[in-house]
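Worksheet: the structure to be examined is printed underneath.
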Protein chains: 2
Amino acid sequence: MSSKIICSVDVVLLTLSNSSLKVALLERDHDPFRGVLALPGGFIHPDEDQDTEAAAARMLRDKAGIQSPYLEQLGTFSGRGRDPRGWSLSVSYYALVPGAVVQASERPGIVLHPADDVDWLPFDHAQIVRAALTRVRDKSSYSSLPVYLCGDTFTLPELQTVYEILLGEPINKVSFRRKMDELEILEPIPGAQKAGKAHRPAQLYRLRKQFRRKLSLTDRGINPG
Amino acid sequence: MSSKIICSVDVVLLTLSNSSLKVALLERDHDPFRGVLALPGGFIHPDEDQDTEAAAARMLRDKAGIQSPYLEQLGTFSGRGRDPRGWSLSVSYYALVPGAVVQASERPGIVLHPADDVDWLPFDHAQIVRAALTRVRDKSSYSSLPVYLCGDTFTLPELQTVYEILLGEPINKVSFRRKMDELEILEPIPGAQKAGKAHRPAQLYRLRKQFRRKLSLTDRGINPG
DNA sequence: TTTATTAGTTGCATGATGCAACTAAGTGAC
DNA sequence: GTCACTTAGTTGCATCATGCAACTAATAAA
């Protein structure tokens, strides 16, 4: 009576590389679409996964080697058309990860594809990516989301360009700094500056403790605290 | 290999009655929790439902007699603890419906419970209701959502009190009218006014065509166009 | 020491938001 | 009919947020 359904979890892993937003894709190692690039994902294992978010974290850990990024539920996509095997359901998440973490993940299979250039992907993964981009851009305009694309420490000019890449338009310097100040999520690192080529060095900042996430790279002690 | 999962759909049907926000509850007619008030919901039927949204619409139609309200996906809740039968997954939606439509739905089983007073419900339905309230209130502060709690026609003072009930605080009259003007979703109904007790009558408005939804009551021709 | 370059701040113009006080249009009391 | 009362809707102004231009600050290279 209680019809059971094939349920999977898919993750839109977003990162910055070469100053543009990329989505992480992996070659599928099972049919359907074996060998084709697709979002990291897989079936939910009720005996193993506490809930769908834990399942999404497992996908990232096993398939992309990434520990605990910013992870948020995007939505659930369902229907007969999305999988050639029949009616299915995918609970989708998106993750934000600093470029350095993805580069250091030592999983050679990961392909970073320009996030805005996704035209077709297996299942309805292209639609899921587009939904993730819309969500991230919407939230970026009024929240602190983009900081999770930066490393542990960053300067305000660096963070500003991250916002500008996401929003696709230049931001006023003063307004940006005022907003960051109001959000009260950053703290300057005492005495730490980042020197550039030949100009005044910029103050380094980090997320205040309650907003921090420990990413795999940090866990391995590669980045300074 | 592809472990299948028990999937249900639950709907948080919100409406206004006696100037306060209510959530629609129904007595369950199956175990577990037979006879206990819970959200309208049920198993997804892949052979019948195009997708989860169609399933949610079916729940509303069959269990609450309501045709096509504002319906939006809220999120997916999952895990071992939420259902005594074991690991399960619920794709949850919320619907906004004018009070008159619910009252006319002719399903005597519907109980309208104060939305903010929900302390315990079967499964994790209380948590789902709280998530819906948070979402609706967040969106209400910057969007046109609350109009879907009004009937087909309404005056601006009426709409303003709907916003005030949702947000729980008074709104400045001028600011409110400016905002409605900017949103460009309403149009005055030419020559139509609503007279009150002993004062100037208020202009009647309706949603502009592209934003309208045909609700069951409208379909039956009870409300004027 | 001068120049170039980026970091960060200050002051002001412009626009959005909120309040008080106004006018408008109806009913009922007398 | 006129006046009082009530709610609808508008106007003008004060206050706050946002954005721009121009400033100072700090470094390295010439």
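Please read all numbers here as calculations on a predicted model, not as lab measurements. Letters A, B, ... are given to chains in the order of the sequence lines, protein chains preceding strands, and every chain is numbered from 1.
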Find the distance [X]:[atom1] to [N]:[atom2] and express it as a whole number of Å.
X      : N      : atom1 : atom2 : result
B/N172 : C/dG18 : CG    : P     : 6 Å
B/Q203 : C/dA25 : CD    : C1'   : 13 Å
A/K197 : C/dA7  : NZ    : P     : 14 Å

For B/A198 and for B/Y205, find the nucleotide of DNA chain D with the closest heavy atom, then tell me which residue's nucleotide is more 5'.
B/A198

Which sits closer to the 5' end of DNA chain D, A/H199 or A/K179, going by the nucleotide each is nearest to?
A/K179

With sugar-phosphate meaning primed atoms plus P, OP1 and OP2, does B/K173 contact a base, only sugar-phosphate, or nothing at under 4.0 Å between heavy atoms?
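Answer is base: heavy atoms of B/K173 come under 4.0 Å of a base.
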
Classify the side-chain pair B/S141/B/Y163 by whether it contains a donor and acceptor separated by less than 3.5 Å.
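Not at all, the side chains of B/S141 and B/Y163 share no donor-acceptor pair under 3.5 Å.
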
N/O donor-acceptor pair under 3.5 Å between A/D51 side chain and A/E53 backbone
yes

With no hydrogens and no angle check, is any side-chain donor or acceptor of A/T15 less than 3.5 Å from a backbone partner on A/V97?
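At least one qualifying donor-acceptor pair exists.
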
Select from A/R178 and A/L204 the residue whose nearest nucleotide in DNA chain C is closer to the 5' end of that strand.
A/L204

Could you pull out every donor-acceptor pair under 3.5 Å between side chains of residues 174-190 of chain A and any protein atom, sequence neighbours left out?
unit_1: A/S175; atom_1: OG; unit_2: A/N172; atom_2: OD1; d: 3.1
unit_1: A/E187; atom_1: OE2; unit_2: A/R206; atom_2: NE; d: 2.8
unit_1: A/E187; atom_1: OE2; unit_2: A/R212; atom_2: NH2; d: 3.1

Using a 4.0 Å cut-off to any heavy atom of chain A, which nucleotides of DNA chain D are the first and last in contact, reading 5' to 3'?
D/dT18 to D/dA28

Above 12 or not: heavy atoms from other molecules or residues under 6.0 Å from CD of B/Q50?
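No - once you tally the heavy atoms of other residues, nucleotides and ligands closer than 6.0 Å, there are 12 at most.
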
Closest nucleotide among C/dG18, C/dA7, C/dA25 to the B/P201 side chain
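Per side-chain heavy atoms of B/P201, the pick is C/dA25.
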
Pair A/R137 + A/D116: basic N to acidic O under 4.0 Å:
yes

